[in-house]
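All values derive from a computational prediction rather than experimental measurement. In what follows, chains carry the letters A, B, and so on, assigned in the order in which the sequence lines appear, proteins first and then strands, with residues in each chain numbered from 1.
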Amino acid sequence: MNDTYVLGLSGFYHDAAAAILKNGVVIAAAQEERFSRVKHDPRFPVNAINYCLAEAFIEPDQLNAIAFYDNPLLTYDRIIKNCAMAGAESFPLFESATKSILGTKLWVEDHVKNAIGSLGKMGKIIFVGHHMSHAASSYYPSPFKEAAVISIDGVGEWSTTTISKAEGNKIELIKEINYPHSLGLLYSAFTYYCGFKVNSGEYKLMGLAPYGNPIYYKEIISHLIDIKEDGSYRLNMEYFDYMQGGKTTSPKFHELFGGEPREPESRITQKQMDLAASIQLVTEEIMIKIARYTREKTGMKNLCLSGGVALNCVANGKLLKENIFENIWIQPAAGDAGGALGSAYIAHFYLLNGNRPDMNNTMDRQSGSFLGPAYSNQEIEAFLKRNNYPAQFIADQEIKNNLLAKDLDEGKIIGFFAGRMEFGPRSLGARSIIGDARNADMQSKMNLKIKFRESFRPFAPAVIFEDVSKYFEIEEESPYMLFVAPVNTSIRKEKKENDDHEDMITMINEIRSELPAITHVDYSARIQTVHPETNPSFYNLLNAFKKRTGSSVLVNTSFNVRGEPIVCSPQDAYTCFMRTEIDVLVLGDYILYKGDQPVTQKDENWKAQYQLD
Amino acid sequence: MINQAIKKIFEKHILSAHYEIKKNGKEYFPLKGDMSYASYYEDPIHKEYAIFSQINTGGKEDISKYMNDIFISSGTPEFSALAQEIGRLATDLKQTEKEQSSELSPFVYVMY
């Protein structure tokens, strides 16, 4: 029987990506930004597509189907009706959206033809519903034969929250909440109001919440949003400006919370901390209520989650603890990049009538989310030789890992580049910067000397799965860093009384546990469990570190500087290595030490090229 | 000329719909909560497009028909005349909007 290949695409809004399935299983996926080096690159993902085709080793005309993750004309329907409701002041929005949708987004087929010269065997593209793309991205690669599926984001065409029931090959959409009522847009409104960038700063708002108290919770639920017992909700649009094409929050919103939005990069005060805590509490409440309703409505014991709001790993952790569902699986690329993957699945199962392989309820089909390009030792060697970069080649994995474990134990920071690149926003040990989580200076050193920032957020821990409950109050897997859980009381240290609650940098640098670099001010941590089947290089290194030190936890942060996409190629990795104070670079089986590298002229101009995130 | 065409469409169709809303009170979607509701969940509104759809962009008539089908199926036939203009506008804009920007749109959070 011939193999079937389906290509899925996302783009034109943010986080363009491509994914390819072979016989219904994902074999490659990547975000365009990793190739173009432009963060959140929205442009048509020509590089990601070419990578996917190369990885599949096929020509474009061998594609059985090509799918796009969104319906631009259904989105345009929303814009028309939005502007009809909003009136004359929405003209700039209408003009911009018209040009963008009717001028660019509608012509996906032309973009594909121009990029790869073919529309595959079907000769046309299918446009998959945005929320169906999200739902598919979480259900089909999950280990479940059947599941409830919840998708929550800012907005797709019209839907902002959807509930589906999935069995076998099919997903049935059963309930939705529609624009303008959106949990994602509500959270983004607070992101903006607290002075962070919308669409990328939500993570910072989540990280800020533990510093505050939810003193604005009542204001939010009394004025901004009406939440029903079943988790459904409506916003009060008097407090928001996005219908008119404004900045998300209206003057009434500012009046309610006592002032104008915080200027980006200005000092964060207790007010922002308390706002962050308040909106986080509201978000968690809604997600838990939606989950309860979904369990009752679908009768399913498994839950799949996707959409940008599913990246709120604090809320995910709370959801896990509630035990509403027996099992939860979350798509690591839960945002729009994952829509590329989801749309491919819909084409495979609905258009081509594909079958799901036998699901055993334990192993997922995401391959650890290591779906991007890998570079062989030969390719790495060629890169090093071409540039005369000194490196040691160590083929023996045990010797190599013991050497690296020693470096980590001595406080060195390592840029770890191994195997296939991750798909999704998190680094999972393929393109990671790693360090000793026990080291009290590690957090501040990594922030100042690698990320070039002051940060109120701790780093995240990677831990050997078998040892996770030794350190954290969680027993479930968290291979994609999508659950937050508390650090065990047995390894905590007592908090110092801090009179100045606004001195966040001092607070975050306090030693709160035996793993200070990864413990947040409320003793929480964003956990990655590492598994030998999907992540052998990183797993073996962690084991070597454990053998040497007794600790099976490392700091794992993304391999990039602030504002830059995560590195993709050996060149990207070397550039980041040399621009920062990373001590050691591991490229496959090659190890490079900073002191051995050729001295280059210091060029600080590169910092200007990356926007603050 | 394109900008003028967009402005004309806005004034002719969008603003007139806006004034109808103000006159008759018929809204396309609610703007706030309603205590008389026990739940805000809706049955899927655009079921025929929810899974996937094929959009024929071969000619402006095809685009207009697709748009008109959306308007009719969502209970807003008053936009049928607009549907005719959308097909024409789309084929004109295809020629002028070829360059993609790497910058995110300021409206990206609402998918425009």
Side-chain angles (χ1 to χ4, degrees), chain A residues 13-14 38 40-44 71 73-75 77 79-81 83-85 87-88 91 93-104 106-107 109 124 126-129 132 154-156 158 173 175-178 180-181 185 188 198-199 226 228 230 232-234 236-237 242 245 346 350, chain B residues 2-3 6-7 9-10 13-15 17-18 21 27-35 37-47 49-57 63 66-67 70-71 74 76 79 82 86 89-90 93-94 96-98 100-102 104-112:
Chain A
Y13 300 109
H14 59 94
V38 173
H40 304 302
D41 198 341
R43 293 172 296 182
F44 184 73
N71 185 323
L73 290 184
L74 193 56
T75 302
D77 174 59
I79 287 156
I80 287 165
K81 285 155 186 176
C83 293
M85 293 281 284
F91 176 69
L93 185 162
F94 179 78
E95 185 182 33
S96 169
T98 298
K99 286 180 178 176
S100 165
I101 290 176
L102 299 186
T104 308
L106 179 59
W107 306 100
E109 281 188 1
K124 51 176 71 182
I126 63 159
F127 292 85
V128 177
M132 188 54 73
V155 63
W158 274 100
L173 175 62
K175 289 290 181 193
E176 61 186 18
I177 296 173
N178 288 306
H181 308 290
L185 290 177
S188 293
V198 168
N199 222 55
D226 180 31
K228 300 299 186 189
D230 61 6
S232 64
Y233 56 86
R234 266 195 204 164
N236 183 343
M237 294 311 297
Y242 50 84
I346 291 295
Y350 281 82
Chain B
I2 293 263
N3 290 342
I6 295 173
K7 190 156 184 256
I9 283 174
F10 185 81
H13 298 281
I14 309 299
L15 281 187
H18 178 68
I21 290 167
E27 292 180 331
Y28 295 114
F29 43 78
L31 294 176
K32 53 170 76 171
D34 186 332
M35 299 313 274
Y37 278 61
S39 174
Y40 295 128
Y41 289 122
E42 297 179 89
D43 291 334
I45 294 175
H46 303 99
K47 238 184 164 138
Y49 305 102
I51 300 177
F52 74 88
S53 181
Q54 288 175 350
I55 303 175
N56 190 346
T57 52
I63 298 168
Y66 191 96
M67 214 53 238
I70 291 176
F71 292 146
S74 55
T76 54
F79 287 117
L82 172 57
I86 286 171
L89 186 57
L93 279 167
K94 182 186 177 186
T96 61
E97 298 297 313
K98 284 193 172 128
Q100 295 174 60
S101 172
S102 61
L104 297 184
S105 155
F107 309 116
V108 70
Y109 50 92
V110 277
M111 299 286 281
Y112 335 128

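Below 30°, between 30° and 60°, or above 60°: for A:Y350 and B:F52 the angle between ring planes is above 60°, a perpendicular geometry.
In this structure, the portions of B:F29 lying under 4.5 Å from any heavy atom of chain A include both its backbone and its side chain. The contact between B:L82 and chain A is made entirely by side chain atoms (from C-beta outward), counting heavy-atom distances below 4.5 Å. Within the 4.5 angstrom heavy-atom criterion, atoms from both the backbone and the side chain of B:D34 approach chain A. Interface remark: B:I21 contributes side-chain atoms only to the contact with chain A (heavy atom separation under 4.5 Å). A:E109 touches chain B through its side chain: at least one heavy atom from C-beta onward sits under 4.5 Å away, while N, CA, C and O do not. Contacts of B:L15 with chain A are made by side-chain atoms alone, with heavy-atom separations under 4.5 Å and no backbone atom involved. For a residue to count as touching a neighbouring chain, one of its non-hydrogen atoms must lie under 4.5 Å from one of that chain's; by this rule B:F79 touches chain A with the side chain only.
Contacts with chain A were tallied for B:N3, B:I9, B:I2; B:N3 has the most, counting heavy-atom pairs under 4.5 Å. Counting heavy-atom pairs closer than 4.5 Å to chain A, the top-ranked of the candidates B:I63, B:I6, B:I86 is B:I6. Among the candidates B:K7, B:H13, B:K32, B:E27, the residue making the largest number of heavy-atom pairs closer than 4.5 Å to chain A is B:K32. Heavy-atom pairs under 4.5 Å with chain A were tallied for B:I45, B:D43, B:N56, B:I51; the largest tally goes to B:I51. Heavy-atom pairs under 4.5 Å with chain A were tallied for B:I70, B:L89, B:I55; the largest tally goes to B:I55. Counting heavy-atom pairs closer than 4.5 Å to chain A, the top residue among B:G33, B:A50, B:P30 is B:P30.
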Begin with the C-alpha distance, continue with both residues' side-chain angles, and end with the deciding distance and a verdict on side chain to side chain contact (heavy atoms under 4.5 Å, CB included) for A:W107 and B:L93. CA-CA 10 Å; A:W107 306 100; B:L93 279 167; 5.8 Å; no
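Counting heavy atoms from C-beta on, the side chains of B:M35 and A:D226 come closer than 4.5 Å. For the pair B:F10/A:E95, no side-chain contact is recorded, criterion being any heavy-atom separation below 4.5 Å from C-beta on. Between B:H46 and A:W158, some side-chain heavy-atom pair lies under the 4.5 Å cut-off. No side-chain heavy atom of B:Y28 sits under 4.5 Å from any side-chain heavy atom of A:D77.
For A:K99, the NZ atom counts as densely surrounded, since its 6.0 Å shell holds more than 12 non-hydrogen atoms of other residues, nucleotides or ligands.
To the nearest 0.5 Å, the span separating CG on A:L74 from OH on B:Y66 amounts to 7.0 Å. Within the model, atoms CD1 of A:I80 and OG1 of B:T76 stand 8.5 Å from one another, a figure rounded to the nearest 0.5 Å.
A distance-only check finds no donor-acceptor pair linking the side chain of A:K228 to the backbone of B:Y41 [under 3.5 Å].
Side-chain contact annotation: B:S74 with A:K81, donor-acceptor N/O pair under 3.5 Å present.
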